[in-house]
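Worth saying up front: this structure is predicted, and the values here are computed from it rather than measured.
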Amino acid sequence: MNIITLLSYLIALAVVGYFLIILYLHVKFRNYNPIYHAVSDYGVGESRKLQVLSGVCNIISSLLLVFVLLCWDKDFHFKTAAIIMLGIRALTILGVLNPPLLFKEWGIVLIPDKCLLLFVCN
């Protein structure tokens, strides 16, 4: 099994993991209606940890898919656009998760408090 195949399986696992987490959140928290409420509403309260985990699954799948597309020797007409869009997708999900505030919440200090304002103002 080559690295591309292995990474493809990991991508599929991350996508299925995201789907199962969101399905679990929809079943467990019946006060949220997926039609009328944003999925980001799960990011507050007791569902926050699972919402963050679903975001991590999305970031992992996007970045691994970018790596696979870069290493894949097959070429197609929208390969470059797909790589750029997947990279942007990973960055936007990371921005929604707001890592500096997450680290601070978990007691990990990687960034001084004054620099946090740059992330909060985004």
Spatial distance of atom [atom1] ([X]) from atom [atom2] ([Y]) [nearest 0.5 Å]:
X: Ser54; Y: Ile59; atom1: OG; atom2: CD1; answer: 9.5 Å
X: Phe67; Y: Ile11; atom1: CZ; atom2: CD1; answer: 10.5 Å
X: Ile4; Y: Cys71; atom1: CD1; atom2: SG; answer: 5.0 Å
X: Thr80; Y: Met85; atom1: OG1; atom2: CE; answer: 10.5 Å
X: Leu50; Y: Cys57; atom1: CG; atom2: SG; answer: 10.0 Å
X: Thr5; Y: Leu10; atom1: OG1; atom2: CG; answer: 11.0 Å

Side chain to side chain contact (heavy atoms under 4.5 Å, CB included), paired with Ile21, selected from Val52, Val56, Leu53: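 It is Leu53; the other options fail the test.
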Which atom of Leu69 lies closest to which atom of Ala82, heavy atoms considered: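 Minimum heavy-atom separation between Leu69 and Ala82: CD1-CB, 4.2 Å.
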Over all atoms of both residues, closest heavy-atom pair of Ser47 and Phe29: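 Residues Ser47 and Phe29, closest heavy atoms: CB-CE1, 3.4 Å.
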Test of understanding: clusters of I, L, V, M, F, W, Y form through side-chain heavy atoms closer than 4.5 Å, transitively. Do [X] and [Y] belong to the same one?
X: Ile88; Y: Leu70; answer: no
X: Leu86; Y: Phe78; answer: yes
X: Ile84; Y: Leu65; answer: no
X: Ile3; Y: Val68; answer: yes
X: Ile22; Y: Val27; answer: no

Check: Asn58 main-chain N/O paired with Ser61 side-chain donor or acceptor under 3.5 Å: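 Pair found, side chain donor or acceptor close to backbone of Asn58.
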Backbone N/O of Trp72 and side chain of Lys79: donor-acceptor pair under 3.5 Å: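 Between the backbone of Trp72 and the side chain of Lys79 there is a qualifying donor-acceptor contact (under 3.5 Å).
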Heavy-atom side-chain proximity of Val16 to Leu13 below 4.5 angstrom: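 No. Closest side-chain heavy atoms not under 4.5 Å.
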Enclosure of Tyr36 OH (heavy-atom neighbours >12, cutoff 6.0 Å):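 No, the 6.0 Å shell around OH holds no more than 12 heavy atoms from other groups.
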